[in-house]
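Counting convention: from 1, in listed order, for ligands and their atoms alike. FYI, the numbering just counts along the sequence from 1.
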Amino acid sequence: MLCDSHAHLDAPQFDEDRAAVLQRAADAGVRAIVNVGYSPATWPTTLALAAAHPGLFACLGFHPNDAATWDDAMIATLAELHAHPKAVAVGETGLDYYRDDAPPERQRAAFVAQLALARALGKPIVIHHREAQDDLLAILRAAVAAHGPLHGVLHAFNGGPAFATELLALGLHLGIGGPVTFKNATALHDAVRALPLDRIVIETDSPYLAPHPHRGRRNESAYVALVAERIAVLRESDPASIAATTTENAARLFGIAIPDTLL
Ligand SMILES: [Zn+2]
């Protein structure tokens, strides 16, 4: 039993064979996928896909790389879409100073607005972060100071034990994906060994960030099994128990019941 807690199944990379990709995920034991629609263009397709399959759930938000076009009025649209019973989380939002597609102040405005929306809806926030650690922690700490511990996940966590400890203290879960399978990811390996298991969820971020031995090629939800296997090695555990525990964690985090079948 596996849950891919972060995928982008609406991506054009899956247009040719989306049904086959989903079937392979089901065959690999994936019972739930949180599919992330990160722009107004993807929100309808993300919701439609979630509505069509018991194990597909929608996370709807506005990606920091698109924040140049962010407008606070979009919160109303997002809030309406979030009335859908399978819309389970807000995001992905956050800060990405590695890519300069959007000015940092627009990214921060979109992030703060979506944090407030998630809180108002009582849904978890799904956070994207790249090379913006100081500003990210400042925004999150201010939110915690004003409203208490966060409910959400920093997805594609790729830092070391110190950053992990800071994020856990704020209440967040950490999403571990393909990079944990890379030999040179030693700081991430150290973090994964040290993390409390009940705060880990696993993900693919497919079609991006494919794990070894698929690195550099298209990723897909079935490969989340490779992430569970690598975490099991790092923690001297077994893949089945890592898979079961991370699936239970995702169910709790997103407030979902894991169905008997994905499709
Ligand atoms: Zn993503």
Item to check | Partners meeting side chain to side chain contact (heavy atoms under 4.5 Å, CB included) with A120 (sequence neighbours left out) | outcome: none
Checklist entry - What salt bridge (Lys or Arg N to Asp or Glu O under 4.0 Å) pairs are there with at least one residue in residues 74-89, not counting sequence neighbours? => result none
Next on the checklist: With heavy-atom distances below 4.5 Å as the criterion, would you say the side chains of D17 and R218 are in contact?
Outcome noted: yes
Next on the checklist: Closer than 4.0 angstrom, basic N to acidic O: yes or no for R24 and D27?
Outcome noted: no
Checklist entry - Is there a donor-acceptor pair under 3.5 Å between the side chain of N249 and the backbone N or O of V201? => result no
Item to check | Protein N/O/S neighbour count - the Zn ion (ligand 1), strictly under 2.8 Å | outcome: 4
Next on the checklist: Using the side chain to side chain contact (heavy atoms under 4.5 Å, CB included) criterion, which residues pair with A28? Sequence neighbours excluded.
Outcome noted: A222
